[in-house]
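Quick notes on the structure that follows.
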Amino acid sequence: MFKVIKRLLLIVVILALGGTAIVYGVLTLSLPTLDGKGRSDAVTQPVKVARDTLGQAVITAATRHDAAYGLGYAHGQDRFFQMDLLRRNAAGELSELFGKAALALDKKMRFHQLRKRSQAILKTLPEADKQLLKSYAQGVNEGLAQVGYPSFEYLLTGAEQQPWQSEDSLLVIFSMYLDLQTATFKRDQALIQIQQQYGAKMVEFLTQPSQYQAALDGSVLTPYSQTIPQLPTQPLAAIKSITANLEVGSNNWAVTADLTNTQAAMLSDDMHLSMAVPVIWYRAQLNYTHHNQAYQVTGVSLPGAPAIVVGSNNKIAWGFTNGYIDTADWIALTDSSKTWQVNEVIALDNGSVETYPLTLSEYGPVKYINNQPYALSWAAHQPYAVDMQLLQLEQAETVDDALNIASSVGIPVQNLMVVDSQGSAAWKHMGGIPARTVPSELAINENEYAATWQQNEVIRPFVKNPESGRLWTGNSRVVSAEDNARFGNGGYALGARATQIRDRLFEKQQFNEGDFYQLQLDNQARFLTPWHSLLLEQLKQQPEHNADYINALDNWQQCACSTSVGYTLVKTYRDELINILFSSIEASLNQQDGTLSYVKRDLEPAVWQLIKAQPASWVNPQFTNWEQQLQAAFEQTLAQLTAKFGNNMQNWQWGKVNELAIEHPFAKQIPLLSKLLNMPTAPGFGDSYMPAVQKTSFGASQRFIAQPGHLESAILTVPGGQSGHPLSEFYRAGFDEYVEGKHTPLLPQTFMHQIEIVPIND
């Protein structure tokens with residue numbers, strides 16, 4: 001019997017090893033070839049695509065069009081499935097890959113009709129831009145064809161790889177609108193619902209200006225001065241958990257030459273996005289000639305688009321944070337409003353189709369909010385939403401050049417931060433801004449709709465070389481209080497992060513790249529300090545009973561540090577108290593397909609007013625008074641942490657609770673693949689409301705620091721590798737350096753591979 005069992009075990013082991021060998025064999029077939037020569041009718045002269053030790057793509061070409069081909073070739077080899085998901089998500093075409101499981105998401109995307117908008121915009125682009133997109137698309141398709149065998153994602157889904165088209169690159173830019181501006185009109189929707197159910201005074205109370213304001217001119221918005229509105233009688237119900245939407249945004253800042261020892265200005269930029277495998281950005285350097293002048297542009301590109309999004313040409317360096325000005329309005333429709341219906345046809349994976357009826361109006365697509373029709377006007381729906389003008393930054397030589405370009409670039413509006421080798425630094429809004437002059441966070445009537453929605457705003461505020469020599473943005477209000485009335489609040493960040501950055505910049509008089517990197521990693525918990533004091537005061541009412549928790553708070557280190565249990569207690573306590581206070585509003589909104597998630601970041605000043613005034617109507621019916629309510633928030637904190645992490649407080653350390661886990665989307669569906677596909681986990685090292693933003697799968701998608709003219713010291717770290725292929729030597733390259741906070745060079749290092757593509761007739 002023992003021998004039989006032994007033989008069976010041996011057979012199982014052999015089969016397992018054989019299965020593993022087959023899997024690896026199939027995966028190996030889809031590895032791209034990174035060395036050799038090829039031919040193409042898309043290039044005018046030889047194009048070289050080299051990879052360095054991190055897999056950074058270095059493109060050397062005679063012209064910008066040839067460079068676009070080379071970048072497309074590299075993207076097609078390394079990131080095609082990611083690009084496919086980006087275009088399909090924006091177009092509402094994921095059901096063709098994933099079937100009915102993706103149908104609800106596709107319908108949500110079809111509401112915006114972005115495929116049709118991309119096709120229409122493409123026809124209006126200058127001929128040179130059309131040709132550049134065509135060169136890029138051919139590069140993508142030929143790079144993909146060179147691989148020769150479909151990647152494992154297509155094998156698992158059974159889907160076919162569809163060729164890349166020029167319009168798909170515009171869809172990829174639209175995908176960033178969806179990431180960066182959807183919260184703007186969803187926040188407005190929530191505010192409309194709150195106004196309908198609780199009145200305008202409640203909206204004003206919940207969205208009042210915070211004490212954290214960091215506008216570049218130092219202006220402060222008028223504080224809320226009205227009484228706290230009474231909350232209607234709440235029914236006894238389970239406490240709702242209000243999950244804040246991810247604050248998709250970024251940090252950037254700059255100093256002028258007076259604050260460096262090189263006489264060049266210096267820029268820092270880290271863009272905060274959801275993180276998955278592969279990461280969103282792709283390191284690249286473009287080398288080409290234009291009008292007899294050589295250009296070298298290094299930074300990160302977005303797979304699917306032919307541009308360097310953030311980077312430097314050694315004369316200027318630029319970076320972005322999401323602008324969050326108001327780029328969307330809901331228009332209340334009436335029975336007499338002109339509307340019509342179209343049918344969007346959504347293809348499924350089995351060859352069948354689903355029809356999605358969509359109501360349109362002259363203002364935009366129509367949605368019912370609390371059973372009333374509203375049309376959405378959004379910058380992404382306008383003809384100026386996307387174009388190829390961002391590429392002009394590659395050839396800018398000064399800050400003034402970049403400022404002149406800003407108003408004509410078709411991207412989601414960003415806070416452009418730009419510096420140059422001559423020592424200047426500046427900020428300006430770059431991207432699509434509707435020229436209507438009266439933005440609204442609540443619905444407007446049809447007679448208030450401005451035809452200037454169809455025009456891009458040209459006149460924009462900017463700041464260049466301020467007297468202090470310092471500039472900063474962090475997704476909160478940047479413009480003056482006066483300009484705020486013109487550009488509106490599209491879901492600004494609270495301002496705590498930007499305030500901390502500003503204050504840190506004024507702590508020093510000289511900066512180098514290391515100083516900027518240290519600030520990017522600043523996880524001091526200044527914002528939570530009042531919450532720490534509130535909780536500690538509460539716990540000390542029963543010091544013996546709460547001794548362990550008091551000890552944790554006494555040693556919380558005032559930072560989102562990996563070993564801090566006290567930080568976890570304070571952060572969770574704040575969330576639980578907000579849940580208790582606003583549960584009835586959340587429950588009421590949920591009944592109408594609404595949520596406070598998009599308003600939660602606004603609530604901080606209102607919460608503190610409630611804590612200090614303790615109005616009776618704001619006591620949840622589960623409790624008899626405010627003392628019980630505050631105590632219950634901590635009891636709920638303990639219950640939540642115990643349920644998720646056990647009752648051993650060492651497991652409540654912030655590094656474990658907020659562990660960084662960057663996963664491949666397929667690993668979530670097929671856990672057996674997780675070890676092969678995911679990045680290694682790492683202890684949590686940051687949080688919200690501080691410069692070092694980090695959640696379990698969200699945070700700084702890149703860290704970039706540069707002084708034009710001195711790029712040998714420039715830094716670019718990315719939380720993942722260049723290749724989307726799990727067997728590639730570049731799949732995880734750079735991840736460890738990111739986690740360890742190392743200064744990964746911006747400029748390419750030793751070349752490891754090179755492909756040369758020559759004209760087909762050579």
Side-chain angles (χ1 to χ4, degrees), residues 63-65 67-68 71-72 90 114 117-137 166-177 180-181 269 271 284 286 288 290-291 293 295 297 299-302 304-313 315-323 325 327 378-418 420 426-435 454-462:
T63 68
R64 184 60 179 89
H65 284 193
L71 183 60
L114 297 180
R117 298 185 195 281
S118 294
Q119 292 169 341
I121 288 174
L122 180 63
K123 293 177 181 178
T124 68
L125 292 179
E127 193 60 35
D129 289 347
K130 291 179 184 177
Q131 289 301 315
L132 185 135
L133 287 171
K134 182 179 179 181
S135 295
Y136 174 81
S166 294
E167 68 194 56
D168 294 334
S169 291
L170 304 185
L171 276 170
V172 166
I173 302 174
F174 273 127
S175 76
M176 298 309 294
Y177 269 97
L180 300 175
Q181 290 190 3
D269 185 83
M271 297 182 283
L286 305 182
Y288 62 91
H290 184 69
H291 291 165
Q293 184 171 344
Y295 291 94
V297 192
V300 292
S301 60
L302 177 62
I308 298 298
V309 178
V310 165
S312 176
N313 61 9
K315 293 185 177 179
I316 68 166
W318 68 92
F320 298 117
T321 71
N322 199 27
I325 60 173
T327 55
W378 180 25
H381 297 162
Q382 310 309 322
Y384 51 79
V386 298
D387 57 32
M388 290 292 103
Q389 296 304 299
L390 180 64
L391 274 69
Q392 293 185 34
L393 279 180
E394 297 177 2
Q395 296 160 19
E397 297 189 359
T398 66
V399 157
D400 288 334
D401 291 341
L403 293 179
N404 289 334
I405 293 166
S407 300
S408 62
V409 174
I411 58 173
V413 64
Q414 301 290 293
N415 291 307
L416 167 69
M417 193 71 73
V418 58
D420 63 29
W427 160 86
K428 190 176 184 180
H429 281 140
M430 172 179 279
I433 301 176
Q454 279 73 51
Q455 300 170 22
N456 190 24
E457 179 61 81
V458 176
I459 301 173
R460 308 175 180 210
F462 69 93

With the side chain counted from C-beta on, respond yes when I325 and H429 share a heavy-atom pair under 4.5 Å apart, and no when they do not. yes
When rounded to the nearest 0.5 angstrom, what is the spacing between CD1 in I411 and CD1 in I173? 8.5 Å
Would you please test L286 and I308 for side-chain contact (heavy atoms from CB on, under 4.5 Å) and show each step? CA-CA 8 Å; L286 305 182; I308 298 298; 4.0 Å; yes
Can you name the residues that form a side chain to side chain contact (heavy atoms under 4.5 Å, CB included) with S175, not counting sequence neighbours? L86, A90, V172
Would Q382 and N456 count as a side-chain contact (heavy atoms from CB on, under 4.5 Å) here? Give the steps. CA-CA 9 Å; Q382 310 309 322; N456 190 24; over 6 Å; no
So which heavy atom on H65 is nearest to which on S135, and how close? O-CB, 3.5 Å
Are I121 and D387 close enough, and set up right, to give a side-chain contact (heavy atoms from CB on, under 4.5 Å), and what steps lead you there? CA-CA 8 Å; I121 288 174; D387 57 32; 5.7 Å; no
Determine whether F320 and M417 make a side-chain contact, defined as any pair of heavy atoms from C-beta on separated by less than 4.5 Å. no
Look at atom NZ of K134 and say whether more than 12 heavy atoms of other residues, nucleotides or ligands are closer to it than 6.0 Å. no
Between N415 and G323, what is the shortest heavy-atom contact and its length? ND2-CA, 3.8 Å
For the pair N404 (side chain) and D401 (backbone), establish whether a donor and an acceptor sit closer than 3.5 Å, ignoring hydrogens and angles. no
Below 4.5 Å, heavy atoms only, C-beta onward: do M271 and D269 meet side chain to side chain? yes
Beyond-backbone contact of K428 with S407, side-chain heavy atoms, under 4.5 angstrom: yes
Atom OG of S408 and atom CD of Q389: how far apart are they, to the nearest 0.5 Å? 5.0 Å
Where is the tightest heavy-atom contact between Q181 and A379, given as atom of each residue plus distance? OE1-CB, 4.4 Å
With no hydrogens and no angle check, is any side-chain donor or acceptor of H290 less than 3.5 Å from a backbone partner on Q395? no
With rounding to the nearest 0.5 angstrom, report the CE to CH2 distance, M430 to W318. 9.5 Å
Side chain S301, main chain A284, donor-acceptor under 3.5 Å: no
Could you tell me if the side chain of E397 sits less than 4.5 Å from the side chain of Q293, heavy atoms only? yes
Report the C-alpha separation of L391 and L132 in whole Å, then their side-chain angles, then the decisive distance to 0.1 Å, and conclude whether the side-chain contact (heavy atoms from CB on, under 4.5 Å) test is met. CA-CA 11 Å; L391 274 69; L132 185 135; 3.7 Å; yes
Mind running side chain to side chain donor-acceptor pair (under 3.5 Å) on N322 and Q414 for me, showing each step along the way? CA-CA 5 Å; N322 199 27; Q414 301 290 293; 3.0 Å; yes
Closest non-hydrogen atom pair between L125 and D129, with its separation: CB-CB, 4.3 Å
Heavy atoms only: give me the nearest L71-Y136 pair and the separation to one decimal. C-CE1, 4.1 Å
Value for OG1 (T63) from CD (Q131), rounded to nearest 0.5 Å, stands at 11.5 Å
Check the angle between the aromatic planes of Y177 and W378 and answer parallel, tilted or perpendicular using the 30° and 60° thresholds. perpendicular
Does a side-chain heavy-atom distance below 4.5 Å link L114 with R117? yes
Are the side chains of I433 and T327 in touch, meaning some heavy atoms are under 4.5 Å apart? no
CG of L171 to OG of S166, rounded to nearest 0.5 Å, is 11.5 Å
Test side chain to side chain contact (heavy atoms under 4.5 Å, CB included) applied to A426 - qualifying residues, sequence neighbours left out: V399, L403, V418, K464
Quick one: CG on D400 to CZ on F462, what's the gap to the nearest 0.5 Å? 8.0 Å
Determine whether L133 and L122 make a side-chain contact, defined as any pair of heavy atoms from C-beta on separated by less than 4.5 Å. yes
How far apart are the C-alpha atoms of E394 and Y288, what are their side-chain angles, what is the distance that settles it, and do they pass the side chain to side chain donor-acceptor pair (under 3.5 Å) test? CA-CA 11 Å; E394 297 177 2; Y288 62 91; 2.6 Å; yes
Which atom names give the shortest non-hydrogen contact between S118 and E167, and what distance separates them? CB-O, 3.7 Å
